[in-house]
> 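The structure is given below, and queries will be raised subsequently.
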Amino acid sequence: MSEVIRLLPDNIANQIAAGEVIQRPASVVKELIENAVDASSSKVELHIKDAGKTSIQIIDNGKGMSAMDAQMCFERHATSKIEAAADLFNLNTKGFRGEALASIAAIAHVELETIEKDQEVGTKIEIAGSKISLQEPCSRANGTSISVKNLFFNVPARRNFLKSDNVETKHIVEEFNRIALTHPEIAFTFSHNGNVIHNLESAGLRKRIVDLFGRNFNNKLVPIEENTDLVNLKGFIVKPEYSKKTRGEQYFFVNNRFFKDSYLHHAVVSGYDNLIAPKHFPSYFIYMDVPSETLDVNVHPTKTEVKFEDQRNIYSILRSTIKLALGKYNIAPSLDFEREPQFDLTIEQQNSPIRQPEIKVDPTFNPFETSNAGQGSSNKGNSARPMPNTLRPNKKEWEDFYEITEEELTQEEDSTNQEIAFDKPQQSSGSKIQIHRNLIFVQIKSGILLIHLNRANERILYDDLMEQFMLSPIAGQQLMFPYEYNMQNTQKLEWENNATHLKRLGFDWDWQKNTLVLSSIPSMLEIEYVTQCLDGIVEKITHEDLDKGELVHELILSLSAAATNYKNKVLNEEELNYIVDRIFQSEQHQYSPSGNKIMSTITLEELYKYLS
Ligand code: ADP
Ligand code: MG
């Protein structure tokens, strides 16, 4: 038999191992910051160039390495962290396989400078493709600095596989966030192409979260805490009213290690009960501690998956802890969805004398007689902002709803044995009635269809903008006085990364340092809602790994939500018809693009119940 099995040369073995450990610049960032943290550093700096593709440098002030260790650390399975197999079960450090540095040195140009505490001379090493090209004494104040340049220089397939700078940067930001959140006591600096993205001082967890995600997080957080034999839980969850359409900040840590777990995510979501709107996600920062023998962290090479011995019980503990925390802070009543309509009254409305309800129904009314909708009225701004309507109303879908004969009505009446007078509404016609400006009642076969006007407008505008965006840039309105909006460095970076889309939406701007100075905004956006719109956009562009299509959706979503959040005016008949027609043309007429219910039916039966 010929010899087919041979030992691989070390550098090839390292390259293969590298494929598993190092998938992208973010993996290098993760491994190197973890090493810095394991070396008991109190300050760690991360500097990247071109999304880490050109260079990644990590500087720490930790315990450093001796000349011997500095050379050894690039050998495979060189780790100072395990001495006996038993140690594997009691690891408090981040890395323990001793293959990160060897892997990185196999596929990049690495420069290491390190000095041990209380030593006068440090060591400098240059290594590339697993070959040491320089080793000499050096002087440095303390700790270790590692630069990793030209990642995958010798593995072109991997290099070509890297995504855009935008996407790779987001992965790095995510790794950075995860570590920054597990070590609030460590100060971190993060810069990209010379721009400082974060400068985090040593802090407690709450401050760290706020420093990472923005000052407005401070009053969004609700602390959680629960100690049981099985698991100790602590951390923060975000109040339900700040839940988001996009997956935002969802962080689970176990024994101070980040992990993902859809089962436990579900526990959190179900702990929120019905407090969050459909398709919305809560943000959370949840830290669990379990005895290490009940946890398997080796189920996945990049270790974001873990296995708990007793998942099920952890699930229920987690769920009830969330419920309890939300209950304790008594935040349920301040929710702004599925509110009782009277909560939506403005002060002015609340103070006005209560009038007799004016709901009147015309049983002979046929909505199709007058439904040459689509023209809307030319009222400036505040109505549905009708746009040229090229689509035919999709009547079939709602015909069923509408067709109602006198016969049927009489039957209904008889069957419930009630005496109802059907007065004609004062301004003739009108099986559609607007009340409290934001609600429309439409008489339908089985009772009443209730429509949320703002949400309907949001859906209509969203559909229109989507269609328009694809065809041509959306018109902007020039501002007489520039509108200013402050951003953080990352946000500015992302804004510029998305400049083409944002210009197409009608924005135009300059910068004054980190202040966005808008000279033009989308034409349908009222100036008082610009901040709301920008908040939405900035959140989407900074926190999601979205492909182009998803991003366009999110941008238009932010714009249409902000542009339809006004106080409605009283609509005339034509306008009401227009809205109802238009909303039913939408394939998604049940939900607004932000995921809120647009319409609901109330059956006659239910209505009569109020009168029994
Ligand atoms: P692991 O972290 O799994 O032990 P690595 O390849 O990441 O393996 O690192 C190998 C060894 O190099 C570590 O065990 C540690 O002793 C040493 N080392 C790496 N980075 C640093 C650093 N920043 N400061 C001090 N020692 C370090
Ligand atoms: Mg390591």
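Every number for a ligand or one of its atoms is a count from 1 in the order of the listing. Just so it is clear, the values below take in all heavy atoms, side chains as well, and ignore hydrogens, waters and symmetry mates.
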> For ligand 1, which atoms sit closer than 4.0 Å to a heavy atom of Ala100?
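Listed by number with element: 6 (O), 7 (O).
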
> Would you mind finding which of Glu99, Glu31, Met65 brings a heavy atom closest to atom 27 (C) of ligand 1?
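Heavy atom nearest to atom 27 (C) of ligand 1 belongs to Met65.
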
> Considering both backbone and side-chain atoms of Ala102, is one of its nitrogen or oxygen atoms within less than 3.5 Å of a nitrogen or oxygen in ligand 1?
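No.
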
> Just going by heavy-atom distances, which of Asp60, Asn35, Thr114, Ile58 is nearest to atom 23 (N) of ligand 1?
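Checking each option, the heavy atom nearest atom 23 (N) of ligand 1 is found in Asp60.
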
> Which value, rounded to the nearest 0.5 Å, describes the distance between Glu126 atom CD and Glu136 atom CD?
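One finds 7.5 Å between CD of Glu126 and CD of Glu136.
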
> Classify the angle between the aromatic ring planes of Phe258 and Phe253 as parallel (below 30°), tilted (30 to 60°) or perpendicular (above 60°).
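Rings of Phe258 and Phe253: perpendicular, over 60°.
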
> Does any N/O atom on Ala39 come nearer than 3.5 Å to any N/O atom on ligand 1?
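Not met; the criterion fails.
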
> One residue to check: Thr144. Relative to ligand 1, which of side chain, backbone, both or neither has a non-hydrogen atom less than 4.0 Å away?
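The answer is the side chain of Thr144.
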
> Parallel, tilted or perpendicular, judged at 30° and 60°: which one describes the rings of Phe259 and Phe252?
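Answer is parallel, since the angle falls under 30°.
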
> With a 4.0 Å cut-off, would you call Asp60 and Lys43 a salt bridge?
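Here Asp60 does not pair with Lys43 in a salt bridge, since their nearest N and O are not under 4.0 Å apart.
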
> Look at Lys244 together with Glu249 and state whether they make a salt bridge at an N to O cut-off of under 4.0 Å.
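Looking at Glu249 together with Lys244, the answer is yes, because their closest N to O distance falls below 4.0 Å.
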
